[in-house]
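Worth knowing before you read on, the calculation uses all heavy atoms, side chains too, and leaves out hydrogens, waters and symmetry mates. All ligand and atom numbering here is 1-based and tracks the order in the structure.
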Amino acid sequence: MQAFEYGLYIHVPFCKSRCTYCDFVSYTDFSLVKEYFEAVKIELEMWSKELEMPKVTSIYVGGGTPSDVDFEYLSEILLEVEKLFALDNPEITVEINPKCSFIEKLAESKVNRISVGLQAADDNVLKKVKRRHSVSDFKKTWEIVCKYFENTNVDFIVGLPAESDLTILNNIEIVRTYKPKHVAVYVLEKENDIRKTLEDEAVCERYERFLQALEEMGYVRYEISNFSLPGYECKHNMKYWKNENYVGVGVSAGGHIGFTRYVNTKDLKLYIKMMKAGKHPYEYYQQNDPFQEAKETIFMGLRIAEGVDLEKIKKLLPELNVRNLVEGLYDFVEFDEKHLRLSKKGMNQSGWVIGEIVRRLNDHRFGMGGDRR
Ligand code: SF4
């Protein structure tokens with residue numbers, strides 16, 4: 001029987017304090033940590049029974065701040081995954097705060113990729129947004145991370161309060177000096193709209209300067225916000241962008257299995273209660289039809305430099321004419337028989353280009369006599 005490949009995401013929804021800009025699901029009350037991890041084990045077991053021949057090829061432990069809970073919780077969960085699923089040489093990433101105190105222990109476990117959230121190499125910015133670490137904490141931690149891990153990522157955010165040109169120069173210097181294999185650069189969204197942030201000319205210029213420096217240092221922009229040295233793309237995140245199979249476990253985690261998409265509840269207590277009752281804690285559950293599946297595949301696939309796999313789209317939506325779909329957008333997209341992707345110009349204006357393509361897809365659906373979505 002054929003085994004199916006899955007990515008596995010495990011959400012750790014706890015942070016010792018909240019950053020001002022955060023819109024992730026995380027709790028500062030740690031009183032339910034033990035019960036939470038027991039509940040996560042139940043959810044893992046449920047999925048291990050429900051999935052057909054699952055083979056896990058990537059694991060991502062994110063948050064929240066996984067390094068804010070005791071190492072034993074993470075270790076137990078990873079052992080549980082090993083017990084329940086067939087693992088196929090998985091990439092195993094754990095997100096850590098620069099104040100993480102158990103890097104050596106992570107190295108002794110099967111974790112093989114570390115992602116450090118620095119966000120800005122500027123103490124004024126870090127203080128302003130209430131991060132709990134300084135730039136020097138990052139530098140000390142990085143020395144230890146590098147001793148044990150080859151595959152590393154540093155997260156940055158551009159557009160944070162108190163940021164200046166110097167912040168970006170410092171960010172560039174950090175990358176030049178410490179040479180992570182992977183760098184993620186997000187733009188802080190103003191009122192949930194990246195365009196509003198990028199309308200700020202100074203932020204836009206700083207963002208472009210950072211991106212240009214990364215490219216000059218040999219980093220390849222393989223996704224709108226993600227850069228890596230060749231061969232160090234994040235395998236787990238690629239599953240999201242290629243709309244492949246992944247299971248999300250824990251509060252607010254989402255999954256995509258075949259044509260099914262779900263998102264778990266954000267409510268910690270409800271999550272624990274549902275798991276104790278042996279029920280999936282869905283907040284959202286949707287069985288996609290081929291159109292919806294194709295739309296999601298295009299929407300996500302346009303984020304990566306490799307582009308959307310048009311063979312996959314043809315199987316889902318044989319009547320779709322790609323040339324018509326992108327008519328008039330030729331400056332912003334490139335396509336051949338196999339892939340549709342954003343051009344460099346399109347990547348820099350990805351928000352509206354992808355939005356426009358999705359709008360046209362919806363019209364196409366309308367023209368075929370289906371519902372407008
Ligand atoms: S550490 Fe991350 S998840 Fe926690 S509050 Fe800050 S931004 Fe949010």
Side-chain angles (χ1 to χ4, degrees), residues 9-33 36-37 40 59-71 73-74 77 93-103 106 111 113-142 145 152-163 167 171 174 180 182-194 197 203 225-226 234 236-237 240 248-254 263-268 271 283:
Y9 174 78
I10 300 166
H11 192 68
V12 180
F14 300 100
C15 293
K16 286 184 180 160
S17 62
R18 295 276 299 167
C19 310
T20 56
Y21 58 86
C22 179
D23 58 7
F24 294 112
V25 175
S26 79
Y27 294 82
T28 50
D29 176 357
F30 279 51
S31 59
L32 290 174
V33 171
Y36 178 71
F37 279 98
V40 167
I59 301 169
Y60 196 105
V61 183
T65 309
S67 58
D68 276 359
V69 299
D70 290 346
F71 169 74
Y73 290 117
L74 305 183
I77 284 297
T93 306
V94 174
E95 287 181 347
I96 65 165
N97 176 281
K99 278 199 160 166
C100 177
S101 59
F102 49 69
I103 296 161
L106 287 171
V111 174
R113 186 172 183 272
I114 290 288
S115 175
V116 189
L118 171 59
Q119 317 309 359
D122 182 332
D123 284 337
N124 289 333
V125 176
L126 296 177
K127 237 183 244 161
K128 185 89 184 167
V129 299
K130 295 197 160 58
R131 297 285 300 173
R132 281 179 298 104
H133 60 87
S134 63
V135 180
S136 91
D137 289 327
F138 169 83
K139 290 179 179 172
K140 276 183 226 148
T141 294
W142 191 260
V145 167
T152 51
N153 169 64
V154 181
D155 277 349
F156 291 95
I157 302 175
V158 173
L160 288 169
E163 177 186 283
T167 314
N171 290 352
I174 285 280
H182 188 286
V183 177
V185 184
Y186 301 101
V187 177
L188 186 74
E189 294 190 21
K190 263 190 202 165
E191 298 156 38
N192 287 328
D193 189 344
I194 279 188
T197 313
V203 174
S225 309
N226 286 272
C234 177
H236 182 80
N237 287 344
Y240 300 151
V249 171
V251 161
S252 78
V263 181
N264 283 347
T265 176
K266 296 182 185 68
D267 184 326
L268 183 61
Y271 174 80
E283 182 176 285

Sequence neighbours excluded - salt bridge (charged side-chain N to carboxylate O under 4.0 Å, His left out) pairs with any residue from residues 10-20:
none
Set of salt bridge (Lys or Arg N to Asp or Glu O under 4.0 Å) partners for D137, sequence neighbours left out
none
Would the Y271 and Y36 ring centres measure less than 6.0 Å apart?
yes
As a test of reading the model: which residues have a non-hydrogen atom less than 4.0 Å away from ligand 1?
C15, S17, R18, C19, Y21, C22, F24, G64, T65, R131
Under the salt bridge (Lys or Arg N to Asp or Glu O under 4.0 Å) rule, collect the residues that match up with E95, sequence neighbours excluded.
none
Heavy atoms of G117 and R131 approach each other most closely as O-NH2, 2.9 Å
Would you say the side chains of D29 and S31 form a donor-acceptor pair under 3.5 Å?
yes
